[in-house]
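In this chain, numbering begins with 1 at the start of the sequence shown. Keep in mind the model is a prediction, meaning the values are calculated, not measured. Hydrogens, waters and symmetry mates play no part in the numbers below; they use all other heavy atoms, side chains included.
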Amino acid sequence: MNGVKNENYKNKKAKLSWGPTTDAFEETVDYKVAYWAKSQLKRSFDKPFFMGVGFIKPHLPWIVPQQFFDLYKLDEIVPPKVNSTDLDDILTPEGKKAYKPTEEYKWIKKHGLEKDATRAYLASISFVDACLGIVIDALEQSKYAKNTIVVVWGDHGWHLGEKQRYLKNTTWLEAVKTPLFVRIPGMKKAVVVDQNVSLIDLYPTLIELSGLPEKENLDGHSFSNILKNPKAEWEYPGITITQDGTSVLKGKWHYMITVDGTEQLYNIEKDPLEWENLITNKKYSHIVTNLKKWVPLKRKKSSKLRFKKMKNYVDAPADPTIKPTRNLDELN
């Protein structure tokens with residue numbers, strides 16, 4: 001920690017690491033990706049174009065330039081609230097506790113590093129915000145500012161101690177709620193759409209907003225209507241599927257079921273930290289029945305198909321084309 005080796009900090013089961021780098025902001029990979037996007041937006045395109053700009057942070061390790069750590073004073077950091085009995089009411093069908101604190105959580109709690117971990121995550125968020133700002137500023141200064149659809153999203157949320165764990169890959173609210181912003185041409189101001197969508201809905205939405213031919217056999221649904229009218233009817237929940245289970249998020253209700261049959265139900269309007277599992281309360285059985293119908297009946301193991309990464313694949317400028325050797329038909 002802070003450049004000093006301490007045998008007490010060793011834990012081979014915990015995966016967290018963080019700290020400021022001495023590299024300048026301009027030397028980081030994500031900055032170079034942002035700069036590549038900025039240079040592309042200065043080009044003259046004779047056809048409509050799609051640009052995908054992916055940033056690595058705030059992925060682990062939380063190592064970003066010192067200037068982003070300096071934005072947050074350690075003694076002013078307030079870590080998320082943690083309930084010591086949070087996991088007690090989540091039981092398997094056999095009546096056993098389904099979850100226990102993770103190694104990362106126990107490691108951080110043992111060494112009193114809750115504030116340090118939270119600051120490192122915040123620093124990583126501010127770092128990627130700065131990178132995103134480079135791209136958005138470049139778009140605003142380009143000739144494409146008024147006719148470009150912009151979507152900003154993250155692939156998952158994150159636990160910072162909630163549910164007595166860090167990392168991701170859970171079906172709780174901290175992990176399944178992601179950042180999602182959509183700006184369409186003609187918007188005058190920011191509007192909050194209080195509806196749940198899934199990331200799989202992005203593709204059909206972009207197809208419709210772009211006026212492209214409708215594509216068949218898509219599992220997602222276009223949510224362009226609720227972008228234009230936030231109160232428009234929208235029947236679909238936000239669904240997240242992990243290797244362990246399924247999350248169904250609809251309005252104030254959040255239902256989860258794991259592969260082994262462990263169930264949870266939370267009223268996130270009254271209980272946003274999901275501390276009270278309502279699944280055994282028969283008063284809400286109709287809610288469970290309604291949400292459970294969105295859970296897939298069958299699960300299919302993913303194929304073992306993997307693509308080799310190109311040499312220095314995270315270095316910018318990256319190849320803007322899809323690798324021609326990829327046969328997407330093999331994914332079906």
Side-chain angles (χ1 to χ4, degrees), residues 8-16 60 78-115 117-118 121 156-178 196 237-299 301-302:
N8 293 327
Y9 282 126
K10 276 192 174 181
N11 187 328
K12 293 183 179 180
K13 295 181 180 179
K15 301 177 182 179
L16 290 177
L60 289 174
V78 180
K81 291 182 179 179
V82 177
N83 182 355
S84 61
T85 62
D86 198 0
L87 305 176
D88 292 353
D89 62 355
I90 308 171
L91 305 177
T92 67
E94 294 74 35
K96 298 180 180 179
K97 286 180 65 172
Y99 300 97
K100 58 184 179 180
T102 65
E103 290 296 326
E104 288 81 13
Y105 175 79
K106 291 188 290 186
W107 181 79
I108 285 176
K109 186 174 179 62
K110 174 184 176 181
H111 298 292
L113 297 171
E114 291 89 347
K115 287 190 174 185
T118 303
Y121 188 70
H156 55 77
W158 190 265
H159 287 266
L160 273 176
E162 305 96 335
K163 294 293 177 186
Q164 298 177 29
R165 65 199 58 240
Y166 286 75
L167 305 183
K168 54 177 182 179
N169 202 17
T170 77
T171 52
W172 286 303
L173 202 61
E174 285 82 8
V176 302
K177 284 193 74 175
T178 73
N196 303 112
I239 300 174
T240 302
I241 298 175
T242 73
Q243 62 184 5
D244 298 319
T246 302
S247 156
V248 181
L249 190 59
K250 181 67 173 173
K252 65 181 181 181
W253 297 107
H254 189 196
Y255 171 75
M256 287 160 271
I257 183 169
T258 59
V259 174
D260 69 1
T262 301
E263 293 181 286
Q264 298 171 69
L265 178 71
Y266 299 99
N267 181 335
I268 58 174
E269 190 176 89
K270 296 181 178 179
D271 180 25
L273 296 178
E274 299 185 319
W275 284 354
E276 184 183 2
N277 185 8
L278 302 172
I279 198 65
T280 59
N281 191 329
K282 294 183 179 180
K283 175 182 176 182
Y284 304 108
S285 58
H286 65 291
I287 301 293
V288 173
T289 300
N290 186 47
L291 296 178
K292 197 170 184 176
K293 69 181 182 182
W294 296 99
V295 177
L297 295 176
K298 296 181 179 180
R299 297 178 70 90
K301 288 186 177 180
S302 62

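Residue pairs meeting the salt bridge (charged side-chain N to carboxylate O under 4.0 Å, His left out) criterion with at least one member in residues 246-265, sequence neighbours excluded: Glu263-Lys292. Residue pairs satisfying the salt bridge (charged side-chain N to carboxylate O under 4.0 Å, His left out) criterion with at least one member in residues 158-167, sequence neighbours excluded, are listed as follows: Asp86-Lys163. Screening residues 273-283 for side chain to side chain donor-acceptor pair (under 3.5 Å) gives His254-Glu274 as the qualifying pairs, with residues at least two apart or on separate chains.
Partners of Ala117 by side-chain contact (heavy atoms from CB on, under 4.5 Å), not counting sequence neighbours, listed by chain and number: Trp18, Trp62, Ile108, Tyr166. Every residue meeting the side-chain contact (heavy atoms from CB on, under 4.5 Å) condition with Lys109, not counting sequence neighbours, appears here in chain and number order: Tyr105, Glu114. Looking at residues two or more places apart in sequence or on another chain, you find no ring pair (Phe, Tyr, Trp, His ring centres under 6.0 Å) involving His156. Looking at residues two or more places apart in sequence or on another chain, you find no salt bridge (Lys or Arg N to Asp or Glu O under 4.0 Å) involving Lys168. Under the side chain to side chain donor-acceptor pair (under 3.5 Å) criterion, Thr246 pairs with no residue at all, not counting sequence neighbours. Among residues two or more places apart in sequence or in another chain, the side-chain contact (heavy atoms from CB on, under 4.5 Å) test is passed with Asp88 by Thr85, Lys97. Judged as a side chain to side chain donor-acceptor pair (under 3.5 Å), and not counting sequence neighbours, the contacts of Thr92 are Glu94.
When side chains are defined from C-beta on, Pro79 does not count as touching Leu160, because their heavy atoms never get closer than 4.5 Å. Contact annotation: the side chain of Tyr255 approaches that of Val295 to within less than 4.5 Å [non-hydrogen atoms, C-beta and beyond]. Contact check for Trp253 versus Val248: no side-chain heavy atoms found under the 4.5 Å cut-off. In this structure the side chain of Ile239 never reaches within 4.5 angstrom of the side chain of Ser247, judged on heavy atoms.
The closest donor-acceptor contact from the side chain of Gln164 to the backbone of Asn83 lies under 3.5 Å. Although no hydrogens or angles enter the test, the distance criterion places no donor-acceptor pair under 3.5 Å between the side chain of Asp244 and the main chain of Val259.
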Could you pull out every donor-acceptor pair under 3.5 Å between side chains of residues 170-178 and any protein atom, sequence neighbours left out?
residue: Thr170; atom: OG1; partner: His159; partner atom: NE2; Å: 2.8
residue: Thr170; atom: OG1; partner: Trp172; partner atom: N; Å: 3.2
residue: Trp172; atom: NE1; partner: Gln264; partner atom: OE1; Å: 2.7

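Residue Asn196 comes nearest to Gly251 through the heavy atom pair OD1-N, 2.7 Å, listed as atom of the first residue, atom of the second, then distance. Residue Pro80 comes nearest to Thr118 through the heavy atom pair CD-OG1, 4.0 Å, listed as atom of the first residue, atom of the second, then distance.
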Leu167 vs Leu16, test: side-chain contact (heavy atoms from CB on, under 4.5 Å). Steps then yes/no.
CA-CA 8 Å; Leu167 305 183; Leu16 290 177; 3.9 Å; yes
Could you give me the CA-CA distance, side-chain angles and deciding distance for Ile287 and Leu278, then say whether side-chain contact (heavy atoms from CB on, under 4.5 Å) is met?
CA-CA 11 Å; Ile287 301 293; Leu278 302 172; over 6 Å; no
Leu60 and Trp158: side-chain contact (heavy atoms from CB on, under 4.5 Å), yes or no, with the steps?
CA-CA 11 Å; Leu60 289 174; Trp158 190 265; 4.0 Å; yes
